[in-house]
Amino acid sequence: MSARRSLIGIGDLSRDDITRLLDLGERFAEVMSRDIKKVPTLRGRTIINLFFESSTRTATSFELAGKRLSADVINVKASGSSVEKGETLKDTILTLAAYKPDVLVIRHAAAGAVAAAARYTDAAVVNAGDGKHEHPTQALLDLYTLRKTMGRLEGLHVAFVGDVLHSRVARSGAIALQTMGAEVSFIAPPTLLPRGSAEGLGVHTSYDIADIADADVVYALRMQHERMGEGGFVPSLREYATQYGIGHHRLREGQRVMHAGPMNRGVEITDQLADDPTALVTAQVEGGMVVRMAVLYDLLSDPQAVRSADVVSHMVAA
Ligand code: CP
């Protein structure tokens, strides 16, 4: 993590950091399978989840993760807060910072807003998704799910398909996967994968959906209507679904499918595939909570304790 022990972009994490967090997530998954699912590790700590943009999975799993670690968790949504009266991001952060939280988990529709917010607080800040920029904990939970399902990350080939242009999931995922030695492709219509949009990421790019044949894992991206405006990025959703929608008809034996949710069924993924038990969508959601527990624990703990092999026993005994 960065010197301030915040998590703003997935590039803040080295390969060792990612491995440590995934290992820690596995230990938390063991604890979550016990009768008593709560550990006292973050008792007395305060976590504020501040969501300026809608969320089901990220908001719920961060709340549950904090509570399972016994932290005091406060949830603030833009809707119903003073943001609706015109309060600025800076004033909102300064206000919440005055309560001396240990962690601020922030989601915002604007790229860069979470990094900007971090300037106004001494708390550790976690980026829970900033516009089309980054979603580092989604990348971590995706790696966690892949490592658990496929048994490895090194040498795996993951193809992200669809609305790459607006996707923080694809950007953070590509960086994280390559850090761990995996290969990444972006496959999309030209309007959703314009020249330069993948520049610097080192991924393969293609406009041809047939190229998913080379991938071990096909990652269907949500068509992000809320970021498209009147853009006319595709002639119609029906045409997009026909040309790039992922269904059983496109997959070869053994290929696995991921989706970060929420899904547009019948657009980027067929109904049948979304409900197929081999799809990893629910496993991703399950991984989200334990990975977010790992991130919160890692941010607020002595790095030496985190490296200890028996960290969960230590926590339970605390
Ligand atoms: N994948 C994801 O970030 O989902 P939410 O928008 O529901 O949090």
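Order of appearance sets the numbers: ligands from 1, and atoms from 1 within every ligand.
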Peer 1: Has the side chain of Q272 got a donor or acceptor atom that lies under 3.5 Å from a matching backbone atom of G247?
Peer 2: no
Peer 1: For F51, which of N75, T58, I106, V76 qualifies under side-chain contact (heavy atoms from CB on, under 4.5 Å)?
Peer 2: T58
Peer 1: Between H166 and F233 (judged by ring centroids, cut-off 6.0 Å), do the two rings come close enough to count as a pair?
Peer 2: yes
Peer 1: In a check of side-chain contact (heavy atoms from CB on, under 4.5 Å) between L69 and each of V39, I47, L300, which one passes?
Peer 2: V39
Peer 1: Taking D72 first and then R43, would you say they form a salt bridge - that is, a charged N and a carboxylate O separated by under 4.0 Å?
Peer 2: no
Peer 1: Using heavy atoms and a cut-off under 4.0 Å, could you grab the residues that are in contact with ligand 1, chain by chain, numbers ascending?
Peer 2: S55, T56, R57, T58, R107, H135, Q138, A260, G261
Peer 1: For S33, what residues pass the side chain to side chain donor-acceptor pair (under 3.5 Å) criterion, not counting sequence neighbours?
Peer 2: none
